[in-house]
Amino acid sequence: MTRMISFLFERFFYNPQGQESATNSVKTAIDVVVQYFQAHLANEITIAEIADMVNFNVSFLSREFKKVRGILPIEYLTQFRIDKAKQLIVEPAKHKD
């Protein structure tokens with residue numbers, strides 16, 4: 001357990017060269033979240049589930065997601081779903097199996 005916590009701390013928070021690497025790790029985690037949203041669009045998704053997936057707590061994920069994307073994660077997911085629905089309405093023939 002201690003090794004896992006140390007690994008996570010070093011991977012996401014500790015940065016002897018400054019803030020840049022830690023910031024890149026957060027951006028990478030947020031990119032993973034966005035990809036998950038896009039791949040699991042129709043599934044029920046909770047922010048707690050997503051935060052666990054990237055080893056962040058919900059508050060930290062929400063705060064950092066908003067810094068990077070300018071919108072909260074749940075708002076991003078909702079807007080992505082709305083945009084996808086609009087696309088399906090406008091171009092229904094492209095999306096039929």
Side-chain angles (χ1 to χ4, degrees):
M1 180 72 149
T2 304
R3 284 180 25 192
M4 186 170 83
I5 291 170
S6 295
F7 169 78
L8 292 173
F9 182 79
E10 289 173 12
R11 173 124 160 77
F12 291 105
F13 301 107
Y14 177 70
N15 181 14
Q17 292 89 21
Q19 289 290 336
E20 189 173 321
S21 179
T23 301
N24 287 338
S25 293
V26 170
K27 287 180 182 176
T28 300
I30 290 170
D31 289 343
V32 167
V33 169
V34 169
Q35 290 171 0
Y36 184 86
F37 284 163
Q38 293 171 353
H40 298 89
L41 183 64
N43 299 356
E44 183 176 328
I45 301 172
T46 67
I47 299 306
E49 167 191 350
I50 299 303
D52 285 343
M53 183 180 75
V54 293
N55 297 312
F56 291 164
N57 76 28
V58 173
S59 297
F60 182 80
L61 174 62
S62 294
R63 181 176 58 247
E64 294 303 311
F65 194 100
K66 185 160 185 171
K67 282 182 190 176
V68 172
R69 295 285 177 156
I71 190 169
L72 292 171
I74 196 67
E75 293 169 340
Y76 179 92
L77 177 60
T78 301
Q79 189 59 52
F80 186 78
R81 286 174 170 164
I82 290 168
D83 292 344
K84 187 67 172 176
K86 287 179 184 177
Q87 183 182 15
L88 291 171
I89 290 169
V90 172
E91 304 170 359
K94 281 187 173 181
H95 304 286
K96 286 187 178 179
D97 292 324

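Positions are given from 1, in the same order as the sequence printed here. Scope of the values below: all heavy atoms of this structure, side chains included, with no hydrogens, waters or symmetry mates. The structure presented is a predicted model; accordingly, all values stated were derived computationally and were not measured.
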With rounding to the nearest 0.5 angstrom, report the [atom1] to [atom2] distance, [X] to [Y].
X: S25; Y: I30; atom1: OG; atom2: CD1; result: 11.0 Å
X: S62; Y: N57; atom1: OG; atom2: CG; result: 8.5 Å
X: T78; Y: I74; atom1: OG1; atom2: CD1; result: 5.0 Å

List, one per line, each side-chain donor-acceptor pair under 3.5 Å for residues 33-45, sequence neighbours excluded.
unit_1: Y36; atom_1: OH; unit_2: E49; atom_2: OE2; d: 3.0
unit_1: H40; atom_1: ND1; unit_2: Y36; atom_2: O; d: 3.1

Pairs satisfying salt bridge (charged side-chain N to carboxylate O under 4.0 Å, His left out), at least one member in residues 57-66, at least two apart: E64-K67
Does any donor atom in the side chain of D83 or Q87 lie under 3.5 Å from an acceptor atom in the other side chain? no
Is there a path from L72 to V68 through hydrophobic residues (I, L, V, M, F, W, Y) whose side chains come within less than 4.5 Å of each other? no
Non-neighbouring partners of R69 that pass salt bridge (Lys or Arg N to Asp or Glu O under 4.0 Å), sequence neighbours left out: D31
Just say parallel, tilted or perpendicular for the rings of F56 and F60, cut-offs at 30° and 60°. perpendicular
